[in-house]
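These values consider heavy atoms only, across backbone and side chains, with no hydrogens, waters or symmetry-generated copies. Keep in mind that this is a model prediction, so the values were computed, not measured.
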Amino acid sequence: MDSAVKSFLVEFRASANGFLSKYEPLALVFGPLFVVLLARLLQSFLDLVYERGLKATVLSFFMATIKLIPVVKRRIDSEKQKVVDKLQSSGQSKRESWRTELPRAGLGSEVIVKMKNEKQNDVVWQGKCSGTVYIGGTESEGHFSLINEACSMFAHTNPLHLDVFQSVVRFEAEVVAMTAALLGSKVEASGGQICGNMTSGGTESILLAVKSTRDYMKSKKGITKPEMIIPESAHSAYDKAAQYFNIKLWRVPVDKEFKADVKAIRKFINRNTILIVGSAPGFPHGIIDPIVELGKLASSYGICLHVDFCLGGFVLPFARKLGYPIPPCDFSVKGVTSISADVHKYGLAPKGTSIVLYRNHEIRKHQFVAVSEWSGGLYVSPTIAGSRPGGLIAGAWAAMMSLGEEGYLQNTKEIMEVSKKIHKGVNEIPELFVVGKPDMTIVAFGSTVIDIFEVNDIMSSKGWHLNALQRPSSIHICVTLQHVSIVDNFLQDLQESVNTVKQNPGPITGGLAPIYGAAERMPDRDMVQDLLISYMDGTC
């Protein structure tokens, strides 16, 4: 048997050498390398097609190719710079007078006078902004005054030193527990282990939830090439998380009602999927995703589901008590593994306060960073920041304790009624339509007969600061307590703006409608991203 095998190998060797002797040695060395390289390039191309689609991939390749022509690249760069300059035009000249060095002699208490003078340059925001400021009244009275005093009282504190600032440690624990109670922690279906931490805002809450999920799923399933699936209405913080934590992101179109499309999401689930996402409600249109269905989907595949309550956390629980038809969307839903909720929005806390919650400690422990080999000693930190402002935590606790359930119920009643009035008012303007059926305090509207971004420019000239949206082209207003007393003014200005655009279509001087319109229609999305990055690089 051994001799037969040996004989076969000798014959095979002689035959192979005879065949290969026809070729140059260099060809034998570089030929296989070329084939491997070609296979890798083909695999990369197919992966790109799978990720972005054939049309987008071909377009991206075409744009990259023509940019290699110097004259074309110069023209594109020139046009791009014009757009960036236009976007920055309002603030570029002001930056020239900004200080770049410390004053030789300190200003002492006079710095407060200088700050008051600078504050006069801020635009009028009272009642004129979509979202932005959620507390009613002015910053020198009422609830503003209360949380400012609370922040000031604890401005020196840092919960990193939990043995020193025990009051702030307690405040944080109670803010987390009270928020969790609003979002289902007291319901038997929650499992009774809901836990979490305070963060600097909704983005950090989402970042931490995604990071914790990534590491949890790695330990549970051994997933080393993680992927997550989100509806296109989900907040851009998930894109940031995907970039920061090296996670493959799939953004799936919403359904005809502008809700997360469960069937479409199911098609993207594979063995590397760690997380799917729903919003309650979504930022663009104020619509709640089908969380129960998403929960069933997540449970059936053994993956995680994060629900973004950053807008709805301090509205939806109270709206339900007021009789609004709010579907189950918190920890009472099986499959929900984490939730983010901003206290600094409708919780009426100071800016920079949010909550991230987990169904159990097994998931949350992957949020923490522990270091045992540092010469500075043993170190463990719960969130992205090490040192954290205890004054903001105290301000959040003061806000929640001062308002109580009755205060939040009253606030919710007022803003939900204003939202319904705006919804009705927009529907009564023939040229406009409301996008979907908003469940909460956001009303998005567009038009098929006039340029909605031109309407936005006219509204801006009247002092309003609304949000421009895409897919479909629209704008929205996020209703806050600031709008309760001026809702009629808003609807009147909106009607006048529509009439103006209808009678005199075309962009106004200094308006951004052409840029918004062009950005949405531009097929090369990489170029749009380049524009945004260039704008940001020159702004901050």
> Can you tell me how far the OG atom of Ser279 sits from the NE2 atom of His235, to the nearest 0.5 Å?
Replying inline: 9.0 Å

> Would you find a donor on one side and an acceptor on the other, under 3.5 Å apart, between the side chain of Asp330 and the backbone of Ser332?
Replying inline: yes

> Any donor and acceptor pair, going by atom type alone, linking the side chain of Asp255 with main-chain N or O of Asp261 inside 3.5 Å?
Replying inline: no

> Checking side-chain contact (heavy atoms from CB on, under 4.5 Å) for the pair Val479/Val487: CA distance, chi angles, key distance, verdict?
Replying inline: CA-CA 9 Å; Val479 177; Val487 60; over 6 Å; no

> From Leu466 CG over to Ser474 OG, what is the distance, rounded to the nearest 0.5 angstrom?
Replying inline: 11.5 Å

> So, Ser212 versus Tyr358: side-chain donor-acceptor pair below 3.5 Å or not?
Replying inline: yes

> Looking only at heavy atoms, what is the nearest atom pair of Gly425 and Leu491, with distance?
Replying inline: CA-CD2, 3.9 Å

> Is a salt bridge present between Glu257 and Lys437, judged by a nitrogen-to-oxygen distance below 4.0 Å?
Replying inline: no

> Does a side chain donor of either Tyr346 or Thr412 reach within less than 3.5 Å of an acceptor in the other side chain?
Replying inline: no

> Passes side-chain hydrogen bond (donor to acceptor under 3.5 Å, both in side chains), His285 versus Ser233? Steps please.
Replying inline: CA-CA 8 Å; His285 314 120; Ser233 57; 6.0 Å; no

> Is there side-chain contact between Leu183 and Pro317, with heavy atoms separated by less than 4.5 Å?
Replying inline: yes

>> Applying side-chain contact (heavy atoms from CB on, under 4.5 Å) to Lys420 and Tyr324, what does each step give before you reach the verdict?
In response: CA-CA 12 Å; Lys420 287 193 296 183; Tyr324 288 91; 3.6 Å; yes

>> Within the structure provided, determine whether Gln482 and Val484 are in side-chain contact (heavy-atom separation under 4.5 Å).
In response: no

>> Any non-hydrogen side-chain atom of Thr203 less than 4.5 Å from a side-chain atom of Ile206?
In response: no

> Checking Asn467 side chain against Ile475 main chain: does a donor-acceptor pair fall under 3.5 Å?
Replying inline: no

> Can you tell me how far the CZ atom of Arg251 sits from the CG atom of Leu249, to the nearest 0.5 Å?
Replying inline: 6.0 Å

>> Using every non-hydrogen atom in the two residues, find where Ala260 and Val254 come nearest and quote the distance to one decimal.
In response: N-CG1, 4.4 Å

>> I'd like to know if the side chain of Lys351 and the backbone of Thr132 have a donor-acceptor N/O pair within less than 3.5 Å.
In response: yes

> Are Val277 and Ile229 side-chain neighbours, meaning at least one heavy-atom pair lies under 4.5 Å?
Replying inline: no

>> Closer than 3.5 angstrom, by distance alone: can the side chain of Asp439 be matched with the main-chain N or O of Ile288 as a donor-acceptor pair?
In response: yes

> Has the side chain of Ser402 got a donor or acceptor atom that lies under 3.5 Å from a matching backbone atom of Ala399?
Replying inline: yes

> If you look at every heavy atom in Glu139 and Lys119, which pair is closest and at what distance?
Replying inline: OE2-NZ, 2.8 Å

> Can you tell me if CG on Asn117 sees more than 12 non-hydrogen neighbours from other groups inside 6.0 Å?
Replying inline: yes

> With distance as the sole test, does Lys128 use its side chain to make a donor-acceptor pair with the main-chain N or O of Lys462 at under 3.5 Å?
Replying inline: yes

> Tell me, do Pro430 and Val498 make a side-chain contact under 4.5 Å, heavy atoms counted?
Replying inline: no

> Cut-off 3.5 Å, side chains only: do His306 and Ser340 have a donor facing an acceptor?
Replying inline: yes

> When rounded to the nearest 0.5 angstrom, what is the spacing between CG in Leu348 and NE2 in His143?
Replying inline: 4.5 Å

> Could you go step by step and tell me if Phe144 and Val133 meet the side-chain contact (heavy atoms from CB on, under 4.5 Å) rule?
Replying inline: CA-CA 11 Å; Phe144 270 115; Val133 179; 3.7 Å; yes

> Thinking salt bridges, do Lys259 and Glu293 make one under a 4.0 Å N-O criterion?
Replying inline: no

> Is the shortest side-chain N to carboxylate O distance from Lys421 to Glu417 below 4.0 Å?
Replying inline: no

>> Side chains of Glu141 and Ser145 only: does a donor on one sit below 3.5 Å from an acceptor on the other?
In response: no

> If you round to the nearest 0.5 Å, how far is NZ of Lys502 from CD of Glu454?
Replying inline: 14.5 Å

> Between His476 and Phe283, does the ring centroid distance fall short of 6.0 Å?
Replying inline: yes

> Does any N or O in the side chain of Arg320 come within less than 3.5 Å of the main-chain N or O of Pro325, such that one atom is a donor and the other an acceptor?
Replying inline: no

> Under a 4.5 Å cut-off applied to non-hydrogen side-chain atoms, are Arg266 and Leu297 in contact?
Replying inline: yes

> Does any donor atom in the side chain of Gln410 or Glu414 lie under 3.5 Å from an acceptor atom in the other side chain?
Replying inline: yes

> Hey, which of Val455, Leu494, Asn499 is the one that makes side-chain contact (heavy atoms from CB on, under 4.5 Å) with Ile429?
Replying inline: Leu494

> Which is it for Ile303 and Leu275 under the side-chain contact (heavy atoms from CB on, under 4.5 Å) test, yes or no, and what are the steps along the way?
Replying inline: CA-CA 6 Å; Ile303 58 179; Leu275 178 70; over 6 Å; no

>> Do Lys211 and Leu208 make a side-chain contact, defined as non-hydrogen atoms from C-beta onward lying under 4.5 Å apart?
In response: no

> Any side-chain heavy-atom pair from Ser205 and Ile355 closer than 4.5 angstrom?
Replying inline: no

>> So does Val336 get a backbone contact from the side chain of Arg359, meaning a donor-acceptor N/O pair under 3.5 Å?
In response: yes

> Do you know which two heavy atoms are closest between Cys478 and Ser130, and how far apart they sit?
Replying inline: N-OG, 2.8 Å

>> Tell me which one of Tyr134, Phe309, Tyr408 satisfies ring pair (Phe, Tyr, Trp, His ring centres under 6.0 Å) with Phe314.
In response: Tyr408

> What's the spacing between Asp239 CG and Gln243 CD if we round to 0.5 Å?
Replying inline: 7.0 Å

>> Using every non-hydrogen atom in the two residues, find where Ala150 and Gly395 come nearest and quote the distance to one decimal.
In response: CB-CA, 4.1 Å

>> Donor-acceptor pair, distance only, cut-off 3.5 Å: does the side chain of Arg471 make one with the backbone of Glu232?
In response: no

>> For Gly335 versus Leu305, what's the shortest heavy-atom pair and its separation?
In response: O-CB, 3.3 Å

